[in-house]
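Worksheet: one structure, shown below.
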Amino acid sequence: MARRKFLLLIAVLSVALVALVGSIWATLSGGRLTEVVDAVRIGGDFELTDHTGRRVTAADYKGRLQLVYFGYTFCPDVCITELTRVTEALDALGPATGQQVGGLFVSVDPARDTVEVLRDYQSHFHPAITMLTGSDAEIAQIAANYRVYYRRVSPDPDYLVDHSSFIFLLDRDGRYQTHFGPGDSVDKIVATVRTLLAGGGA
Ligand code: NI
């Protein structure tokens, strides 16, 4: 009987241990801690050239929230769609746009996205969106900092570039808050920005 009680105790403890490990795992993988780790790891300083030809760093954009998107001007569809969504969000934010919130577009195709090409492309979108390009190394660095994937898919002159498609939201200190995917509505982006502007978390 003592042995049977002992085995029962072991069984109960095992179930409790599995439940404990499971809840810790759920917290680590899906909970607040993951967001904190992301916030530490995504983003950071950069040095690039804007669509007016000026050399800029992350510090130039501090003091206002930023919606950041990575893409390229020759992109046949996705980039236009996403930059149009950023434009719509900035339009919807009205008077806050410009002083309190703006957009950054970072080219993942710096070979073709020269300052002149970006300046022309910029004219199709919201004036509060700044377009950025740089050397291959500078673009590789900022893409790595944002965990953005990009890859030229063919050798021909009219090549396409595969790239991840997220709109990142930075706070006034240039710190990552959250990001939006293609499934997130413009309304959701606007509501999240408004919450952050009002002093709440994203
Ligand atoms: Ni694209």
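Note that ligands are numbered from 1 as they come in the structure, with each ligand's atoms numbered from 1 the same way.
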I'd like to know if R85 pairs up with E88 as an ion pair, taking the criterion as any Lys NZ or Arg NE/NH1/NH2 lying under 4.0 Å from an Asp or Glu carboxylate oxygen.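 Result for this pair is no, no salt bridge flagged.
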Side chains of D113 and T73, donor plus acceptor under 3.5 Å: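 There is such a pair (donor and acceptor under 3.5 Å, judged by atom type) between the side chains of D113 and T73.
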Does R112 make a cation-pi contact with Y159 (under 6.0 Å, within 45 degrees of the axis)?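 That pair qualifies as a cation-pi contact.
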H126 pairs by side chain to side chain contact (heavy atoms under 4.5 Å, CB included) with which of T97, L83, V86?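 Exactly one candidate clears the test, T97.
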I need the single residue from F125, Y121, F70, F168 that forms a ring-ring contact (aromatic ring centres under 6.0 Å, His included) with F105. Which is it?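 Among the candidates, only Y121 passes.
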Protein N, O or S atoms less than 2.8 Å from the Ni ion (ligand 1), ignoring waters?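 You should have found C75 SG, C79 SG, H163 NE2.
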If you count the non-hydrogen atoms of other residues, nucleotides and ligands that lie under 6.0 Å from CD in E116, is the total more than 12?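 For E116, atom CD is crowded (more than 12 foreign heavy atoms under 6.0 Å).
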